[in-house]
Amino acid sequence: MLALIRYSVPPARTGEFLAQAHDIIDTLAAQPGYVRGRVTRSVDEPELWALVSEWEGAGFYRRALGAARMAMYPLMTLMINEPSAFEDVERA
């Protein structure tokens with residue numbers, strides 16, 4: 001399962017965002033079902049960032065969000081409100 005949380009980050013907050021985003025990834029990495037994660041930035045729109053993580057399943061991801069809530073809180077105002085959990089689909 002792929003999790004994608006996007007953020008719109010003003011240039012003045014880039015350093016703060018990056019530090020907190022890595023803290024979030026570290027918190028998620030300590031949770032059961034975590035496979036891998038990274039902080040990414042749009043090549044075309046430098047104010048658009050994403051936390052991308054992979055999980056063994058949606059249940060693991062949703063429980064991990066609860067554990068990471070305090071780490072995620074400072075960035076909530078920058079978060080783009082949209083679905084974040086995506087399941088793999090087999091080729092037809």
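- Nearest heavy-atom pair, A50 versus L4, reported as atom, atom and distance to 0.1 Å: CB-CD1, 3.6 Å.
- Both the sub-6.0 Å distance and the 45° axial angle are not jointly satisfied by R63 relative to the ring of Y61.
- With rounding to the nearest 0.5 angstrom, the OH atom of Y34 is 9.0 Å from the CD atom of E54.
- Hydrophobic clustering of Ile, Leu, Val, Met, Phe, Trp and Tyr side chains at less than 4.5 Å, counting indirect connections, unites L28 with Y73.
- Looking at Q31 and W55, their side chains come closer than 4.5 Å, going by heavy atoms from C-beta outward.
- Taking each heavy atom of P11 and E47 in turn, the nearest pair found is CD-OE2, 3.3 Å.
- We find the OH-CD1 distance between Y7 and I24 to be 4.0 Å, quoted to the nearest 0.5 Å.
- Within the structure, salt bridge (charged side-chain N to carboxylate O under 4.0 Å, His left out) contacts touching residues 1-29 (residues at least two apart or in different chains) are R6-E82, R13-E16.
- Rounding to the nearest 0.5 Å gives a distance of 9.5 Å between OG1 of T27 and CE of M72.
- Hydrophobic clustering, with ILVMFWY side chains joined whenever heavy atoms are under 4.5 angstrom apart, groups M76 together with L78.
- For the side-chain hydrogen bond (donor to acceptor under 3.5 Å, both in side chains) test, no residue two or more places apart in sequence or in another chain qualifies with R41.
- S84 places no side-chain N or O within 3.5 Å of a backbone atom of I5 that could act as its donor or acceptor partner.
- The shortest heavy-atom contact between V52 and I25 is O-CD1, 4.2 Å.
- L51 and L48 fall into different hydrophobic clusters, where Ile, Leu, Val, Met, Phe, Trp and Tyr residues are linked whenever their side-chain heavy atoms come under 4.5 Å apart, directly or through other members.
- M1 approaches A58 most closely through the heavy-atom pair SD-CA, 3.4 Å.
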